[in-house]
Amino acid sequence: MCLVQKYNVPGPRYTSYPTVPYWDLESFSGKKWKNSVVQAYQESAEDGISLYIHLPFCESMCTFCGCHKRITKRHELELPYINTVLKEWKLYCDLLGSRPIIKEIHLGGGTPTFFSPEHLQMLIKGILRWGKKAEMPEFSFEGHPNNTTKAHLQALFDVGFRRVCFGVQDYSATVQKAINRIQPFENVKKVTEWAREIGYTSVGHDIIYGLPFQTLKDVRETVIKTNALRPDRIAFYSYAHVPWMKGNGQRGYKDADLPTSEVKKQQYELGKKMLTEFGYKDVGMDHFALPNDSLYIAMENGTLHRNFMGYTASKTQLMVGLGVSSISDSWYGFAQNVKSLEEYEHLVSQGIIPIFRGHILSAEDQTIRKHILNLMCHFETQWDLTGTYINDFQRIIENLAELEADGLVEIGTDQIKVTPKGRPFIRNISMAFDLKLHRKKPETRLFSMTV
């Protein structure tokens, strides 16, 4: 059996540990969450905090997307939503007790550029009213090439944004029709050039392999067109097929319409080979960057980080998620906001931080999280008897035995290194550390396939 067939199993992407299905909801409470936020802030206030702001509205459904969104053309929803987000932010600022230094802001969605330039600028100015911009902030947003205007780019640039990422996915007309994302190359070219003209220092493109009806030729042509625009960083994602999840549109095509696991692996290998030949550096699990981009520099400096926003060039102990479905991270705990827009607005109007579930990390959780972060960001991890060893470590070593036999990892007396051969299987390697997953195997399908 080839390695692709052997290791193509359902598995987490490890934007957190423990993963959401393994959160301990019974012992979690709003009080514990608030205490963890205050503790994290007191320990790291001088380093600043990160904000993820979820802007959930989209005018149409992209059928590949598994994100939480509200499909609507009612732009009158923009202002009430922004006002609610700012009220939620004020609740957190009151909890922190001082004006926090804001090191990082990321606007995600949904479609952030559903909102008008004026409303987006109003949102950020409102955030900064209760916080202080760090000396070298990293503010970024996700732009839809079809509706991002030059005014959007300028408005956000004027309040401190210097990085933008455009969702490209694939340039094939057949694939675009299947995923309901009709997006000509000319649109992507136009917004990329606008961003550079205005002064953005990092322009990113997201492309995806494993999409319905996608061929090796499609991947090749998409990478060639992407390179023609020379984005500073590229996220080359594996399509996550999770049609059982509520609220996504992935029921519009059949499993048989997707590339086989072997073809999908070939798509990844082809894309990686081409990007490397074009001068992009491999960063983490699924990112590539030019040598002068902050993401690659962070990897070289050993400061690359991974959280619910994916890979980031900066790290803060406290990340506050604002908006419906957003997830916050204090390092000691996670908390997710309610997913209903109406419930979100109601709770915030009552002065309640609108979380509905979360998890407080145990000492073991924190240690395992460190190891998985090390693997995901640096492809190696080390341990000793002081702060990075757990009693059940021998079980992890046993879980890694077959991966070692297949040449995917090298195990030393106090460290593990992922081999170049093992990098495409980093999710599988991280799963060996996931004791919660091994202690309680899922009875239903929870995760996308690892390959």
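Not measured: the values here are computed from a predicted model.
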Just say parallel, tilted or perpendicular for the rings of Phe114 and Phe57, cut-offs at 30° and 60°. tilted

d(Ile416 CD1, Leu375 CG) to nearest 0.5 Å is 6.5 Å

Which is it for Phe166 and Glu142 under the side chain to side chain contact (heavy atoms under 4.5 Å, CB included) test, yes or no, and what are the steps along the way? CA-CA 6 Å; Phe166 296 114; Glu142 298 167 9; over 6 Å; no

Assess whether side chain to side chain contact (heavy atoms under 4.5 Å, CB included) is satisfied between Tyr280 and Asn227, documenting all intermediate values. CA-CA 9 Å; Tyr280 286 91; Asn227 181 61; 3.8 Å; yes

So does Leu128 get a backbone contact from the side chain of Arg99, meaning a donor-acceptor N/O pair under 3.5 Å? yes

State which residue, out of Tyr296, Tyr237, Phe236, fulfils the ring pair (Phe, Tyr, Trp, His ring centres under 6.0 Å) condition with His287. Tyr237

Polar contact flag, side-chain donor to acceptor under 3.5 angstrom, Tyr41-Ser98: yes

A quick test of your reading: do over 12 heavy atoms of other residues, nucleotides or ligands sit less than 6.0 Å from NZ of Lys133? yes

Main-chain N/O of Lys189 paired with Thr192 side-chain donor or acceptor, under 3.5 Å: no

Show every donor-acceptor pair shorter than 3.5 Å between a side-chain atom in residues 393-400 and any protein atom, with sequence neighbours excluded, or say none if there are none.
| residue | atom | partner | partner atom | Å |
| --- | --- | --- | --- | --- |
| Arg395 | NH2 | His438 | O | 3.2 |
| Asn399 | ND2 | Arg395 | O | 3.3 |
| Asn399 | ND2 | Ala432 | O | 2.9 |

Do any N or O atoms from the side chain of Gln176 and from the backbone of Gln183 form a donor-acceptor pair under 3.5 angstrom? yes

Over-ring placement of Arg163 relative to Tyr200, 6.0 Å and 45° cut-offs: no

Glu135 atom CD, over 12 foreign heavy atoms within 6.0 Å: no

In Lys272, Lys265, Lys273, the residue satisfying salt bridge (charged side-chain N to carboxylate O under 4.0 Å, His left out) with Glu269 is Lys265

Does any non-hydrogen side-chain atom of His144 lie less than 4.5 Å from one of Pro112? no

Passing option when Lys34 is tested against Ile353, Leu91, Ile355 for side chain to side chain contact (heavy atoms under 4.5 Å, CB included): Ile353

Looking only at non-hydrogen atoms, find the nearest pair between Asn307 and His305 and report the distance. ND2-CD2, 3.8 Å

Please identify which of these residues, Asp365, Thr19, Asp24, meets the side-chain hydrogen bond (donor to acceptor under 3.5 Å, both in side chains) condition with His359. Asp365

Other residues, nucleotides and ligands only: do more than 12 of their heavy atoms fall within 6.0 Å of CH2 on Trp331? yes

Would you call Arg357 and Trp23 a side-chain contact if the rule is heavy atoms closer than 4.5 Å? yes

Which of these, Tyr22, Phe308, Trp33, Tyr17, sits in a ring pair (Phe, Tyr, Trp, His ring centres under 6.0 Å) with Phe334? Phe308

Without swapping roles, check the side chain of Ser202 against the backbone of Asp232 for a donor-acceptor pair under 3.5 Å. no

Fit a plane to each ring of Tyr209 and Tyr268, take the angle between them on a 0 to 90° scale, and name the class: parallel (under 30°), tilted (30 to 60°) or perpendicular (over 60°). tilted

